[in-house]
Amino acid sequence: MKILQEIQSSIVSGLDSIYNHSANREDILMSQTRKEFQGDYTVVVFPFVKALKSNPIELGNNLGEHVVANVASVESFNVVKGFLNFSLTHDYWKSQLIEVGETENFGAHPKNGKKVLVEFSSPNTNKPLHLGHIRNILLGWSCSQILDAAGYDVIKTQIINDRGIAVCKSMLSWQKFGNGETPESSNTKGDHFVGKYYVLFEQKFKAEYADWQKTEKGQVVLTELRKGEQSEEDFFGKYKNIYFNDYSVLGNEAKDMLLAWEAKDEPIRNLWMMMNSWVYDGFNETYKSIGVDFDKLYYESDTYLLGKKTVDEGLERDVFFRQDDDSVWIDLEDAGMDKKIVLRSDGTAVYMTQDIGTAMVRNADFGVEKMVYVVGNEQDYHFKVLFEILKRLGEPYANELHHLSYGMIGLPSGKMKSREGTVVDADDIMVEVINEARLGSVDRGEIAEMDKEAQEDVLRKIGLAALKFMIIKIQPKKGMTFDPKESVDMQGQTGPYVQYAYVRIQSVLRKFENNKYGSFDDYKELNEFELALLKEVVEFPNLIKVAAENYDPSSIANYCYSLGKMYHRFFHEVRILTAETEDAKAFRLHLSNVVSKVLEKAMNLLGIEMPAKM
RNA sequence: GGUUCCGUAGCUCAGCUGGAUAGAGCAGCUCACUUCUAAUGAGCAGGUCCCAGGUUCGAAUCCUGGCGGGAUCACCA
């Protein structure tokens with residue numbers, strides 16, 4: 001904002017001319033004046049008191065006079081303790097309103113020519129999406145939108161984890177127990193259909209394991225390996241993976257299937273492609289409901305062998321080292337991390353290798369300046385290591401990598417576990433929240449008057465707004481618990497609350513054709529509600545910048561709430577259509593228009609749509 | 001145990017690189033729809049900002065050490 005810089009510069013020149021003290025503009029701390037005090041913007045003068053051996057009041061008065069004399073838009077000042085508060089002229093604020101109103105796509109920053117790739121969602125193909133994915137998707141999507149508004153060219157991508165033992169489990173389960181059932185024949189959404197067989201596998205395996213525990217072999221293992229006081233239950237709980245790998249019939253069949261898949265066995269590959277296509281149909285439906293899409297998909301089945309070449313090159317340059325058993329490692333101890341394996345002794349890639357290779361492929365595909373990975377905080381360490389490795393390999397974008405880490409969504413009963421069926425399904429929760437919007441709409445004439453289709457559209461927007469806002473308003477890194485028994489709020493600090501502010505504006509503006517709100521040249525005194533709104537509106541571009549720098553959509557959500565709240569207050573206190581004068585009316589119409597545009601734009605950054613009526 | 005993130009009102013959360021009397025929502029209690037939409041607004045009540053030190057004009061914010069909780073510490077992904 002130009003005015004802030006002007007005031008800062010003026011303070012600098014004031015310090016120089018009055019006190020012969022040189023300072024940089026960046027040293028002048030400025031903020032919005034708190035509403036308990038008189039003024040618009042505040043400079044904190046404490047930092048200079050000591051250096052100038054002056055007292056805060058005197059210093060404030062001197063600087064205040066200097067600024068008022070030199071900056072035309074500053075009308076007056078007052079000093080409270082060490083706080084120098086400036087009031088700007090009403091003409092200044094009116095000009096701001098005009099400027100914002102005339103700015104195309106207000107809030108967005110000019111293109112900076114830099115490409116950033118954002119990876120999010122990244123599901124496994126053996127089970128449907130749940131509430132945790134929704135948080136991931138919302139973060140990824142809104143982060144992409146925010147970066148776009150901040151001037152980047154954004155490539156939205158996901159890596160689809162379409163291979164591995166878990167995928168084979170559902171394939172095997174369907175093959176053995178499916179009897180040729182399909183999503184069509186069972187009238188089940190594809191991803192849920194496949195997920196059902198994944199869960200079935202786990203059940204069958206559990207039963208097999210329980211039977212085995214009672215066999216002679218099982219009991220021998222128990223007596224030989226259990227430690228001291230360990231209970232039988234505890235022992236077998238921890239022994240599960242070993243059993244799966246060494247003894248289980250189902251486990252071995254699944255592992256054989258994985259080997260066959262890797263050997264490109266045709267029947268297995270065909271089965272795999274068929275089941276994956278079911279899953280993708282399901283995912284696409286869910287993505288459509290949430291309202292997101294991707295520019296580029298990467299599949300783990302294509303990338304899982306990547307990175308090996310890079311490891312060879314890195315070996316030559318001594319970034320990596322080879323151990324006696326032929327496994328390849330990197331030593332990150334001098335960076336405060338451990339040694340990390342990047343190639344198994346049999347020469348195959350691990351997760352890390354894959355991610356190294358994938359990063360390079362992405363750079364080759366797009367020539368990125370920056371990459372953002374939206375992945376849960378359980379992988380904090382993985383990404384710390386990955387970024388360090390890419391740095392050591394000298395990748396050009398390595399200093400511009402960011403792991404957008406977020407906390408898990410838990411249930412009152414604890415963690416969500418797909419295998420145990422304790423998940424809040426993504427499709428279900430969206431349906432539920434739309435139903436809740438429906439319940440809240442029963443007494444609303446505006447909605448009752450619409451035709452069925454329009455009604456559904458509005459209810460969908462309201463319900464999804466409630467869900468999305470609830471999740472995105474919380475800082476990413478914080479964990480959150482979700483209680484499925486409690487309904488999602490539609491009142492107070494919520495998505496529908498912000499939508500309602502927007503809707504109220506629309507219902508007023510609808511009365512005017514093509515934005516003919518008139519002029520407000522003779523509107524002299526803005527009231528406190530108008531000023532508060534205008535000040536908040538003007539902050540929008542800076543908010544986008546800061547949100548992009550911090551990869552933090554929650555700050556935008558809080559801004560939406562704050563602006564909406566101010567509008568509701570304004571709407572309640574101030575007459576628009578029956579304003580005191582024509583100029584006051586015109587001013588308020590323009591102001592409302594600008595607020596509604598910012599609200600819409602800001603909510604769109606969060607992936608939330610605005611209804612025209614509700 | 002090592003590393004890391006979190007701890008603010010009964011509950012869910014804001015509080016920007018240190019700044020004025022720590023703010024919202026929900027829940028509770030009161031008010032306000034013949035008015036541009038009450039999914040709204042106004043008010044009351046609710047606090048040892050986990051604890052203890054330190055840094056300084058000034059600390060919820062920064063540093064150190066505790067306490068409590070989550071995550072992680074695989075030749076799994």
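These numbers come from the heavy atoms of this one structure, side chains and all, not from hydrogens, waters or symmetry mates. Below, chain A is the first sequence line, B the second, and so on; all start at residue 1.
- Scored by the salt bridge (Lys or Arg N to Asp or Glu O under 4.0 Å) test, Asp457(A) finds Arg460(A), Lys461(A) as partners (sequence neighbours excluded).
- Stacking between Phe571(A) and the base of G41(B) is absent under the criterion of ring centres within 5.5 Å and planes under 30 degrees.
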Check residues 469-483 of chain A and write down every donor-acceptor pair under 3.5 Å in which the side-chain atom is one partner and the other belongs to a residue at least two apart or another chain.
{"from": "Lys473(A)", "atom 1": "NZ", "to": "Gln493(A)", "atom 2": "O", "distance (Å)": "3.1"}
{"from": "Asp483(A)", "atom 1": "OD1", "to": "Lys485(A)", "atom 2": "N", "distance (Å)": "3.0"}

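- Side-chain to base pairing of Asn126(A) with A77(B): no donor and acceptor N or O lie closer than 3.5 Å to each other.
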Sub-3.5 Å pairs of nitrogen or oxygen atoms, protein against nucleotides 56-58 of chain B:
{"from": "C57(B)", "atom 1": "OP1", "to": "Lys50(A)", "atom 2": "NZ", "distance (Å)": "2.5"}

Between N or O atoms, less than 3.5 Å apart, protein on one side and nucleotides 22-24 of chain B on the other: list the pairs.
{"from": "A24(B)", "atom 1": "O2'", "to": "Tyr561(A)", "atom 2": "OH", "distance (Å)": "2.8"}

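- Of the residues in residues 471-482 of chain A, those with a non-hydrogen atom less than 4.0 angstrom from any atom of RNA chain B are Ile474(A), Gln475(A), Lys477(A), Lys478(A), Gly479(A), Met480(A).
- Within 4.0 Å (heavy atoms only), Val44(A) reaches at least one base atom of the nucleic acid.
- RNA chain B lies under 4.0 Å from at least one heavy atom of each of the following residues of residues 333-342 of chain A: Ile341(A).
- For a distance-only test at 3.5 Å, the side chain of Ser345(A) qualifies as a donor-acceptor partner of the base of C75(B).
- At least one side-chain nitrogen or oxygen of Tyr497(A) sits closer than 4.0 Å to the OP1 or OP2 atom of G41(B).
- Contacts of Ile462(A) with the nucleic acid, taken as non-hydrogen atoms under 4.0 Å apart, include base atoms.
- Side-chain atoms of Thr42(A) come within donor-acceptor range of the base of A20(B), with a qualifying N/O pair under 3.5 Å.
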